Amino acid sequence: MDVEKREQPIGVFDSGLGGISVLRACVELLPREDFLFFGDSANAPYGEKTLEQVRSLTVQSIDGLLAQGVKAVVVACNTATSAAIGLLRERHPAVPIIGIEPAVKPAAQARDSSSVIVMATPLTIHEDKYQKLAAAFRDQANVISLPCKGLAEMVEKGILEGPELDAYLQELLLPFRYCSVEYIVLGCTHYPFVRRAIRKNFGRPVEIIDGSGGTARQLKRQLAARELLTTRRGHGSVVFRNSDPDKLPMSRALFQMEY
Ligand code: DGL
C-alpha cells in the first residue's frame, strides 16, 4: 500500500464546465478527498469536433493532470470518454481512469419505461460506444437518440435560462410533444445545469436522469479496490483550473449552484 499516493488529489476533467456536475457528485460521495478539476473551455465544445481532435485534446489534458500528481482521473465528459477512454487506459495502465456514459441502462430498465430520449453531443451519438450501448437496450425500451448541437456551448456561455434557451429547447423537443416519453437521459455533463429549462420546455411530467452518481460510485469502488482512498479526517479541498482562466469564477458558481 502506497501511503503517500492515497493522499494525492483526484483529477476530474471535462471539455469545459459541464464536468462540474460530476465533480459535485464525487465530492458528495467522497468529501474527505482532494479534487483538482480541469476544464478545457478554450477548446470547447468537443462534441462538434472530429474524433481525432477530441482524442488529442483529451490525451493532452489528462497527461497534464497526471503531471500534477493526481492519483486517479475521472473523465467527466461523455464525448471525451467515447472518443478516448481506451486510448487513455492504454497510455496509463497503472492509473484508475473512470469514464462516464449516458445512463441508458437505468432508464431503459425502469419498470414504467417505454420510451427514453437520450440527449447528447453529436459526436457522442455518432460514436460506436454509444451506438452499441443504445442497441443493447433496444428490446427493453424505445431509445431515441437526440444530438443537441449548440447546447453545451450555451452552458459554457452561462446561458442557463431565458428566451434564447427556451426557443432552442422548444424546437429540439417539439417532435416529442405527442409521444409518450417517461425518461430523458442527460448524456452530456453540461446538461444537468439546464435541467430545469429542459423540464419546463418539455412541458409534461418526465424523469430526467444523468450519469454523475454512477460515475462517483465507480470512482469510489476503484479507489477502494486499489487501497487509494484517503485516510485523512475532515473535508478535502477542491481546486479549479481551466485553459480559459476567465471561466474560473463561473466554475466556482456552478459548483455551488442549485439545479
Ligand atoms: N461535457 C461534454 C459531454 O459530457 C461535452 C460538451 C462539449 O461538447 O464540449 O459530452
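Whatever order the structure lists ligands and atoms in, that order sets their numbers, starting from 1. Remember, it's a predicted structure, so these values are computed and weren't measured experimentally.
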Quiz prompt | Residue pair Ser115 / Asn142, side-chain donor-acceptor N/O under 3.5 Å | solution = yes
Exercise. Between Cys188 and ligand 1, find which residue part has any heavy-atom pair under 4.0 Å and reply side chain, backbone, both or neither.
Key: both
Quiz item: Can a donor-acceptor pair be found between the side chains of Thr79 and Thr121 at a distance below 3.5 Å?
Solution: yes
Practice problem: Give yes if a backbone or side-chain nitrogen or oxygen of Gly47 is under 3.5 Å from a nitrogen or oxygen of ligand 1, and no if not. | Solution: yes
Quiz item: Given Gln8 and Asp34, is the side-chain contact (heavy atoms from CB on, under 4.5 Å) satisfied, shown in steps?
Solution: CA-CA 7 Å; Gln8 289 168 350; Asp34 289 335; over 6 Å; no
Quiz prompt | Closest protein heavy atom to atom 7 (C) of ligand 1, given as residue, atom name and distance to 0.1 Å | solution = Tyr46 N, 3.3 Å
Exercise. Tell me whether the centres of the aromatic rings in Phe37 and Phe13 are closer together than 6.0 Å.
Key: no
Quiz item: For ligand 1, which part of Ala152 has a heavy atom less than 4.0 Å away: the side chain, the backbone, both, or neither?
Solution: side chain
Quiz item: Identify the closest protein heavy atom to atom 2 (C) of ligand 1: which residue and atom is it, and at what distance?
Solution: Cys77 SG, 3.2 Å
Quiz prompt | Numbering as shown, the atoms of ligand 1 that approach Thr121 to under 4.0 Å (heavy-atom distance) | solution = 5 (C), 8 (O), 10 (O)
Quiz item: With respect to atom 3 (C) of ligand 1, which of Thr81, Asn78, Leu186, Val54 exhibits the smallest heavy-atom separation?
Solution: Asn78
Practice problem: Please determine, by modelled atom types, if Tyr46 and Asp40 share a side-chain donor-acceptor pair under 3.5 angstrom. | Solution: yes
Quiz item: Taking non-hydrogen atoms only, is Asp14 closer than 4.0 angstrom to ligand 1 via side chain, backbone, both or neither?
Solution: side chain
Quiz item: Taking atom types as modelled, is there a side-chain donor on Thr231 or Glu7 under 3.5 Å from an acceptor on the other?
Solution: yes
Quiz item: Cluster partners of Leu174, using ILVMFWY side-chain heavy atoms under 4.5 angstrom, listed by chain and number?
Solution: none
Quiz item: Is there a nitrogen or oxygen of Glu48 sitting under 3.5 Å from a nitrogen or oxygen of ligand 1?
Solution: no
Quiz item: Quick one: nearest non-hydrogen protein atom to atom 5 (C) of ligand 1, plus distance?
Solution: Thr79 OG1, 3.5 Å
